[in-house]
Amino acid sequence: MSTKNPKVGVIMGSDSDWPTMKAACDILDEFDISYEKKVVSAHRTPDDMAQYGKSARERGIQVIIAGAGGAAHLPGMTAAHTTLPVIGVPVKTSTLSGLDSLYSIVQMPPGVPVATVAIGKAGNAALLAIRMLSTGNNELANKLSDYHKEMAEASRAKTQNLK
C-alpha cells in the first residue's frame, strides 16, 4: 500500500510489536486505505511520540492505531497530544499475557479517550478505523458491507465442516 497521503497512522512501541500490528496493515491493505507505519516509543523517544501526535492531523492522518505491550503508555500518551481518534491495541506480553497492556490502555483519565480492542486484535483495530473513515465515504461503507457479507457467508459455510 502506498504511504503517500496516509489516512491512518499505525504506530507501535517497538519492532517486536510488528507481528501483532501487521494484522492491522493487512486489513488496511485489503481495503486500499493508505497508512504509515512507524516505531514510536512513549518511553525511549517521548519527544518523537509527542511530535507524532501533534503533527498527525496536519499531515492528513484521520485515525491512529497504537499498539503497545507492558506498560502500554503509547496509545494514551499519543491521545494526549492529538484530538484525532486513537485506537489502542494491547500487545500480548510474556509476563501477564497482555492483561497488563489491556489495563494500561483502557484506564484513561476523563478527557483523554482511547478506544481499545482485545489483546492482540490489531485487525479489529483496523476495521474500527475503517468504520470511522467510512462515515463520510459511501464507497468505503459499501466495501465494509461487502466484507461483512463475505464473512457471514464464510461462517455459514462452516456448517459443512461439522461431521
Side-chain angles (χ1 to χ4, degrees), residues 1-14 17-40 42 49-50 52-69 72-92 98-99 101-158:
M1 169 56 46
S2 167
T3 58
K4 187 173 183 178
N5 302 318
K7 301 274 186 247
V8 178
V10 179
I11 59 175
M12 59 212 83
S14 172
D17 299 332
W18 176 240
T20 298
M21 299 306 291
K22 184 179 181 311
C25 295
D26 291 345
I27 294 285
L28 294 169
D29 284 337
E30 185 176 340
F31 280 84
D32 296 319
I33 303 294
S34 60
Y35 63 90
E36 61 185 19
K37 57 185 185 282
K38 188 172 185 168
V39 171
V40 183
M49 182 242 6
Y52 185 89
K54 289 174 182 177
S55 69
R57 184 181 296 274
E58 67 189 36
R59 292 183 300 103
I61 299 294
Q62 295 178 20
V63 182
I64 297 170
I65 301 172
H73 290 112
L74 182 62
M77 290 305 299
T78 301
H81 290 285
T82 187
T83 57
L84 292 172
V86 176
I87 305 168
V89 179
V91 174
K92 187 175 181 179
L99 198 55
S101 309
L102 176 66
Y103 286 159
S104 292
I105 297 171
V106 298
Q107 296 188 62
M108 293 302 300
V112 188
V114 173
T116 309
V117 296
I119 297 167
K121 300 301 182 188
N124 272 351
L127 288 168
L128 181 55
I130 293 166
R131 286 178 176 210
M132 291 173 180
L133 294 172
S134 76
T135 60
N137 183 326
N138 288 335
E139 182 181 339
L140 192 52
N142 289 336
K143 281 185 180 181
L144 270 171
S145 180
D146 291 344
Y147 178 88
H148 284 281
K149 287 175 187 172
E150 291 172 17
M151 184 174 55
E153 290 171 11
S155 181
R156 289 183 192 105
K158 291 180 181 192

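The analysis underlying the following values was restricted to heavy atoms, covering all of them including side chains, and did not include hydrogens, waters or symmetry mates.
Considering CE of M151 and CD of E153, their distance stands at 11.0 Å, rounded to 0.5 Å. In this structure, E58 CD and T82 OG1 are separated by 10.0 Å, a value rounded to the nearest 0.5 Å. The CD1 atom of I105 sits 11.5 Å away from atom CD1 of I87, with the distance rounded to the nearest 0.5 Å. The OH atom of Y52 lies 5.0 Å from the CZ atom of R59; values are rounded to the nearest 0.5 Å. The distance from the SG atom of C25 to the CD atom of E30 is 13.0 Å, given to the nearest 0.5 Å. Atom CG of L140 and atom CD1 of I33 lie 4.5 Å apart (nearest 0.5 Å).
For the side-chain contact (heavy atoms from CB on, under 4.5 Å) test with P90, the passing option among L99, T116, T20 is T116; the others fail. For the side-chain contact (heavy atoms from CB on, under 4.5 Å) criterion with V8, the lone passing option out of I64, I130, I65 is I65.
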| request: Start with the C-alpha distance between I61 and E36, add both sets of side-chain angles, then the distance that settles side chain to side chain contact (heavy atoms under 4.5 Å, CB included), and finish with yes or no. | output: CA-CA 9 Å; I61 299 294; E36 61 185 19; 3.8 Å; yes

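Applying the 6.0 Å contact sphere to CG of D146 captures more than 12 heavy atoms from other residues, nucleotides or ligands. By the 6.0 Å contact criterion, NZ on K143 is enclosed, its count of non-hydrogen atoms from other residues, nucleotides or ligands being greater than 12.
Between G69 and S101, the closest heavy-atom pair is CA-OG, 3.2 Å. Taking every heavy atom of both residues into account, A115 and L128 meet most closely at CB-CD2, 4.1 Å. Taking each heavy atom of V86 and P75 in turn, the nearest pair found is CG1-O, 3.6 Å. L133 and Q62 make their closest contact through CD2-OE1, 2.9 Å (heavy atoms, listed as atom of the first residue, atom of the second, distance). Considering every non-hydrogen atom in both A129 and V63, the closest pair reads CB-CG1, 3.8 Å.
Here the side chains of L127 and F31 are in contact, with some heavy-atom distance below 4.5 Å. M21 places none of its side-chain heavy atoms less than 4.5 Å from the side chain of K37. In this structure the side chain of H81 reaches within 4.5 angstrom of the side chain of M49, judged on heavy atoms.
Side-chain contact annotation: R57 with T83, donor-acceptor N/O pair under 3.5 Å present.
Under a 3.5 Å cut-off, the side chain of S134 and the backbone N or O of R131 do form a donor-acceptor pair. Using modelled atom types, one side-chain atom of D17 and one backbone atom of G13 make a donor-acceptor pair closer than 3.5 Å.
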